[in-house]
Structures are given as C-alpha cells and as structure tokens.
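Only one structure is covered here, and it is reproduced in the block below.
Chain A is the first sequence line, chain B the second, and so forth, proteins listed ahead of strands; every chain is numbered from 1. From a predicted model like this one, the values you see are computed outputs, not experimental measurements.
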Amino acid sequence: MKESYFPQEIEKKWQKVWEDTGAFKTPDISDKPKYFALSMFPYPSGKLHMGHVRNYTITDVIARFKKAQGFNVLHPMGWDSFGLPAENAAMKHGVDPEKWTVENIAYMTKQLKKLGLSYDWNREVTTCKPDYYKWTQWLFLQLYKKGLVYKKEAAVNWCSECATVLANEQVIDGKCWRCDHEVEKKYLSQWFVKITDYAEVLLEDLDKLEGWGDNVKTMQANWIGKSHGAIFKFPVVDAPNGEKIEVPVYTTRPDTVHGITYLVVAPEYKDIEKLTTPENKACVEEYRANARKMTEIERLSTDRVKTGVPLGTHCINPFNGEKFPLWTADYALVEYGTGAVMAVPTHDTRDFAFAKKYNLPLKVVIKPEGKDLNTAEMQEAYTEAGILTNSNEFDGMKNEEAKKAITEKAVKEGFGEFKTQYRLRDWLISRQRYWGAPIPVVYCEKCGIQPVPEDQLPVLLPKDVDFSVVGKSPITTSKTFMETTCPCCGGKAKRETDTMDTFICSSWYYLRYSDPKNDKLPFAKDKVNHWLPVDQYVGGIEHAILHLLYSRFFTKALRDIGLLDFDEPFKNLLTQGMVLKDGSKMSKSKGNTVDPDEIFENYGADTARLFILSDSPPARDFDWSDAGVEGCYKFLNRVWRLVAGNAENISLEKALNFKHNGSLKKENDDLVRVVHMAIKDITNDISNDFQFNTVISKYRELTNAIYDWCGKKSQFDDEDKEVLSFAIISLLKLMSPVAVHLTEEAWHDLGGTTSIHEEPWCEWDENLAKASSITLIVQVNGKLKDKIEADEGLSQDELKELALNSPKVKELTAGKTIVKTIVVPKKLVNIVVK
RNA sequence: GCCCUGGUGGCGGAAUCGGUAGACGCGUCGGACUUAAAAUCCGAUUGGGCGAAUAACUCAGUGCCAGUUCAAGUCUGGCCCAGGGCACCA
C-alpha cells in the first residue's frame, strides 16, 4: 500500500474498473426488495455546479447505503434536455440546438463520472431524443383522448423576452421564472391540460405523503387554494336593451350578503357590454383598454390604489330587495370564481378601501358580540367573527352558522348554491418555440383539429429552420414541417407549430427509468409498477410547486388511463438546501461560484463528496468554505495514513470473522465498543433523515479513537491485531458510501478481491454498543456537582448511596436537610436540599 | 396580512425520552518536530468573578418575558428577529 494518498490516481483507476465490470447495473429481476433512489435530473446547461454536486452526492450515498443493506437499488440519471437556452445559443452563436445539447450532455456526463456516482447508465433518459419524445407525444394523445387536453382562446401570460407564453406556475411575482422579464397578458388560442379536474385529489392526497416536508405540502395546498362558499345570482333590473340578465358571484362570506352595497365585475367579464349603459360606455371602454395594457406586476400589486368605473346599471339583492350599482374594477379577476364580486365594504378590506375612495355606502351586517359598529366611525373593515344584524330573519345568528343558513335559503328559493372553489388554473402547455416536443396535432381545413395517429409518431422536429427570426417560432420557417395531409380525409392540412412546455417532458421521466428502452410503450405496466413509486426523491425546493405538482398530476392521470397502478410518484422527498458562498447564493453574476472541476483536480472527488455532506444537514443551506474543503482533504489523508501505517498488522479475514470473545484486554474491549457504537450511530443517522453531517463527525471520532489506541501501543500482539483489523475494516466499510474511491483502494490493498461496495453493511451488537461502565451524574439542587464512574448493574439504592458518599456531596449537604432524592437508573442522581 | 422554517461560542453546527450544553470540524492562540518552512503531532479556546498566569472554586449562559418541573436548548403561554413561500383568489 502506498504511503501517501493520491486521489487523482486511484479515482481514475476505480472509475474505469467499475465501468468495465458494469458494477452499477440494476437487474429488473432480483430476489432482493427494490429501492428507487432518484435525484431530479438536470438541464444540460454546460457544466455541473455545486448544487448538482450536493444533490447527486446525497442520492448516491443513499443508493449505496441501501444497496449495502440488501436492496436491489435503482439509481439512474438523465437529461431534461429540451428548453430555451439551447435555442438561445442557436440564435446567438448559430449552433444547432441539438449539437449544443449533445455536447453539454457529453461534458456533464464526464463530470458525473468523475464524481464517482453509482448510476446505471444503461437506463439514461434524454428528453430531447426522438425515442423519448415520441412517448411524450404519445402520452399527450392519451390525455387528449381522455379529454384532459383542450385548446381555448384565453388571456395568457406572455414573456416577450422568451417570445412565448407561460403557465401560471411559471410566473413568479409577475415575472418570467426563467429570465425574470415582466409578463404581459395576451389573447391567444392555446393548449391546456386540465389539471383542475384533479385539484381535489391533488390536495387530499397530500395527507398520504408522510415522507414529504410540511413546507412543500403547504406550498402545494396554498397553490391549489381550496375554499368553501356560495354562488349567488343577482338579477339586473336596468340592462340597456331590456334583456333579462343575472350576474352570478362567488363568495366565501355568504353571511354578509345583506350588506352588499355594490357589485364589481372584472374588466374582462364576458357580459360586460350588456351591462353597460350607453352613457357610461366610453368611460368603461377606456378603463378596460387601460387594464389590458397593464403588466401582471402592476395589476397584482396590492398596495396600488384600487380603481374602477360604474357601468350605470343595477342589480337587486333577492335577500332584502335592495338595489345596488354595478361597477367594473381590476381588483376583480376574470379567471377566478365567476369573474364578479359582491362588495360588502364593512366586512372586506378591499371593498372597504374601494368604497371609501368612491364614496359608496356602507352597511353593517356583522357586529362583534356585545358591541355595535357605527359606519361613520369605521376606519377599517370588520372581518372577524360576530353576530348578524340588519339581516332580517338571520339577525342574532352567529356568522359561521349564518353562512350555511343563508346559502340554504338561496338554494331553496333558486338564486344560489353551495360552491367549493379552487385557485388552481389549468396548465397552459403550448410554447411558441422550436426546441421542445412538437404537439402532435394537425389542422385540416375540412376536419378541424386532428390528432396525429399513434403509428405516425414521433412528429420529428424539422432541421431546416432559421433561428434568426424575430417575433415568431423558428419552427414556422421550416419548408418541410408545416404542410401535411389530414389523417382523417387525406386532404391538405397544417401541422401545429407550438411545442410542449418542457415540464411535460419532466412530468414522466422517472417512470421511463423503469423501462427505458421500450419501443412499444412509454413503459411496461409490470415494470413501472415494480419500480415505482420512487422511494427517495432528492432535489431543490424551487420545484415545490412546478415539477412536483405536475408530476403528481401526471401519475394520477396515467393511473386513470390505466397505464400504471399507484397514485403518488414520490414516496419520500428530500428538498436539499442551497449551496452558498459567503452567505449568498452562488451565481455567475456575483462571481462567487466554485467550479467542481477544480475541486476534483486539486483534492479529488472523495474530498468533494465528503465536504459537501459534512457541514450542514441536507435540508439546510450549506455554506461553502475553502478551509472546510481543506479540512476534509486532511481528514482523508489521515485515514489513509492510519490504514497504510498499519497495513502489515491488518488482516481482512480476521476483521470479517472478528467476534468479541468476552475477555479482551480493557483497552481492546473499549475500542471494540467504540466501533460498535459508531456502527449503530452512523446507521441510525443515515436512516433517520440522512443526517450526513453527524455521520461524518462520527467517522472522525472513530478515526481519532483508533489513533489514540495505536498511540498507546508500542507493539501489537495477536489480540491487538485482531481488534485493530476489526476497527479499521469497519471504518472503511462505514465510509465506503461517501469516500467511494479511497475505501475501494484500501480494501484491495489490504487483500480484498471483491469490491468493498459489494460488501454487506456493518452490524452492531447492542450489548457492545455502549461503554462498559457508566458515568453517574451527581446533581445537588439540579446542578452538576460530581461525576462518578460506576458499574452498570447497580440498583437505584446503590446509586443513591454512591452519590451521597461523594465527598463533594457531603460537603454541600452538611448541615442541610435532604428533601428529596431523584435517581434516574444508569444515569443520574439529583439530591434536593434545603 | 396569512402560512412554513429557523434563532445555541469567533464560525458551520452537535445534543433519541426533559437529565453532563457546546460532540465533530473550521478559525485563532500556545507548544513539539525541523537549519527553516510545509506536512504532521500535542494542548488551550462561552463569558464574568476570585486567584499570581496555573489549579481549585463560584456565578451567569441556548433570541426575549413568564410558567410547569427535583431538573428546560428540549414542554406550555405570550412576544421579538431572520430566511422562504403565498397574497386584490372575493
């Protein structure tokens, strides 16, 4: 065994051996139980960053640990390889997006291999390859057949920088999730996926996800935004052309219905023209035009002063016969509820602000118990619970009860109903871009929209496109793509030029790993049912809503289509924290990035793996420090020297057959106990929330203990050698999921002929995983006063006796009365004195 | 405004059940080895008080204020701060 640790040399060597021997291939059939460990697959942006390193190292250690524990582990990797950056590169530098993507994948693959990750590369999945996107298109058609995909004209989010539309989930604070550009509204005919059909079950099933953090679950629950309320219909009494119209509103406060003093419809409300008097028309038109021009940011800003204009018409409140005016205001959203709001200024903060501004009347209908409210004195809306007033037969009722009673009255008399409402909107999946999976439909002059027949898939991306066009999708410049024939009538037809949102591609990739080469189906049902759900999914919190919600929807939809039999894709989810440098997120613009390649080169992958796991628990943010890397490198050197320096005294055979014979020398017994404790603690720390930071501190403790033990010996007898062998081989095995190369090299140098990564996980003996004696803590009045080494088997009385005999205790209790003595077996005695 | 996390030395962070607060590491300081340096090894490292600098002793200390308890970083109530998410969703 070499005296010094040369990571670069041994890492290269073992990576090649593992690749040549197919060490990480996963058979589908095995008598072992399955375990599916998965990292969120990356976009091939060009190079790995430290966030990737952290993510993949965490999953890799989990995969290796589970394998050692006897599972048949599936641990695959792939590429989320459709998307804008490739196309932007094409526009800027004239590179073919496919070539750009393929080259990035090649480079990043090399980096992943350098990190020593145990992937089964035979199962690699690449979403931009025709053999994958054929099945993305096929799944689109299945959703279409099931009525879960539809096309409609709607006001959609448009990012002019990306020159495409976006889904609601991709608009963050009114800006594009990718480029941060302000989002505008546009009216376009677009493809939608009916995720709202699954709103209830997506919400309900969050309860089943015991292996998910509450933060992600509440974020999804908020996004789905379920609320209970009622729909009330208000007849218009003075519609300009005498038409009989009703305006339905959704409210969560039916209890306040007697306090309506006006009603607001969204500027985009479909019947708004019918509700506007000729005198008000000009004004309303102007207001609507203004609203349309506003960006999402302007419109959504909550501190903006509310504006609106009256329509000139009025409704009657069927509950009390009161007449109130109709307004339009942009605080009413056309996409939510019915697009109209009943305004009760006294009990809603927004309505209150609006009414104050436009001098609309106030009417109190809820009052706090035992108190009255005076509209003239109100400074803000009263939104708390209370008792009904000014509400006819409902007066005196508690408002929570009134919600039900009032809605029941509306149901009975035919002007309302109970209603459950969701905030979630349908998923807009059309993208006016080239580098995505083409939506497989054609437009026939005679037959209209026609899906492409399944046997004609994939609809391939054309190669003859001009990326320099502005304002339209490059795909439309192809001379070969657009013109086609109708699958129905054989006549002339045009292809759909929109491609799919890449989140579609990533909503099912984890399923494909179960059967990545299938050319008859996206995956065989038995295989997908065998491997899924994913046992442990690891990735960034930024996908808490986007990818994770879409994937849950896909799984449920595909289950209902009959392609699989489970209803949640990811059993356990670990959202890892960010990698920071000097307290802020690593980013190119801040110039505080650390290049993984440099770390591999200077210290080796084992150091990188060890460090990225060492300082923080995985779910928390991790602050990168160069000194920390250095410290980990030193530690690996220290382990190496420990093994190399004792190599001639270590026997693999003795280590593996070692049993405590019951009569070891004291210091040997102690070391064996330290090893057993380390095995127990490390195993528990990994099993319990993957606390790798404490795992690593225990590697160090064990290493320090072996060094101390060695330092006290000038020579080794047979028993010493056995114990030393056991300790060092145990250390290597415990470290093998993290320091994958070092431990493999040492294992072989010590005579191992198989791979250390094929070894079963260490086991501990409960009787040995504790110290041979106990340290009795002696307290007087709850304060630590003495520590006494004691035999474990002592009875409570004996422990008490021991404590009372402590000179220290005698001194402190002299002349005082002992009120009480508390004895905690094997641990502590507390003497209470006065 | 609502929801979720978190708050422990100079720093990252430990501490299954309420039972030795500060594991392990980083940094800093001191020492050994060396002609010297690097590497390595050993020791100290929460603050205050009293000592002569050591030891011993002692008081305080886990964001703040109360409470429960023989005993609170841990449990209960109230508050403060930081990070993240949602937010004109009626």
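Nucleotides C65(B) and G51(B) place their P atoms 30 Å apart, quoted to the nearest Å. The separation of A56(B) from A38(B), taken at their P atoms, amounts to 33 Å, rounded to a whole angstrom. A gap of 15 Å separates the P atoms of C11(B) and C64(B), to the nearest Å. When the P atom is compared between G47(B) and C41(B), the two are found 26 Å apart, to the nearest whole Å. Rounded to whole Å, the separation between the C1' atoms of G73(B) and G18(B) comes to 10 Å. Spacing of P atoms, C50(B) relative to A44(B), comes out at 25 Å, to the nearest Å. The same atom, C1', is picked in A82(B) and in G43(B); the two are 38 Å apart, to the nearest Å. Comparing G10(B) with U28(B), their C1' atoms are spaced 8 Å from each other, to the whole Å.
Judged by closest nucleotide on RNA chain B, N688(A) is the one of N688(A) and G782(A) placed further toward the 5' end. Comparing K680(A) and V832(A), the nucleotide of RNA chain B nearest to each residue sits closer to the 5' end for K680(A).
For the pairing with T307(A), the side chain to side chain donor-acceptor pair (under 3.5 Å) check across Y331(A), Y358(A), Y287(A) returns one residue only, Y287(A).
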query = Could you walk me through whether Y699(A) and F635(A) pass the ring pair (Phe, Tyr, Trp, His ring centres under 6.0 Å) check?
reply = CA-CA 10 Å; Y699(A) 291 162; F635(A) 171 64; 7.2 Å; no

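Comparing A23(B), C41(B), C70(B) by their closest approach to the side chain of S697(A) singles out A23(B). Taking every side-chain heavy atom of D330(A) into account, C88(B) is the closest of G13(B), A15(B), C88(B). Out of U40(B), A23(B), U20(B), the shortest distance to the side chain of K634(A) is found at U40(B). Which of C59(B), A15(B), G85(B) sits closest to the side chain of K785(A) comes down to C59(B). The K808(A) side chain lies nearest to C57(B) when the options are A90(B), C41(B), C57(B).
Listed by first residue number, the stems of RNA chain B with at least three Watson-Crick or G-U pairs below 3.5 Å are B:1-7 with B:80-86, B:10-12 with B:24-26, B:27-32 with B:40-45, B:46-49 with B:57-60, B:63-67 with B:75-79.
Taking side-chain N and O atoms only, R620(A) has no distance below 4.0 Å to OP1 or OP2 of G12(B). Contact annotation: Y336(A) side-chain N/O to A90(B) OP1/OP2 distance is under 4.0 Å. One finds no side-chain N or O of R638(A) lying less than 4.0 angstrom from the OP1 or OP2 phosphate oxygen of G25(B).
Glycosidic conformation of C17(B) is syn; the angle stays within 90° of 0.
If you check distances only, the side chain of N222(A) never reaches the base of C86(B) with a donor-acceptor pair under 3.5 Å.
Protein atom CD of E380(A) is 20 Å distant from nucleotide atom P of C88(B), rounded to whole Å.
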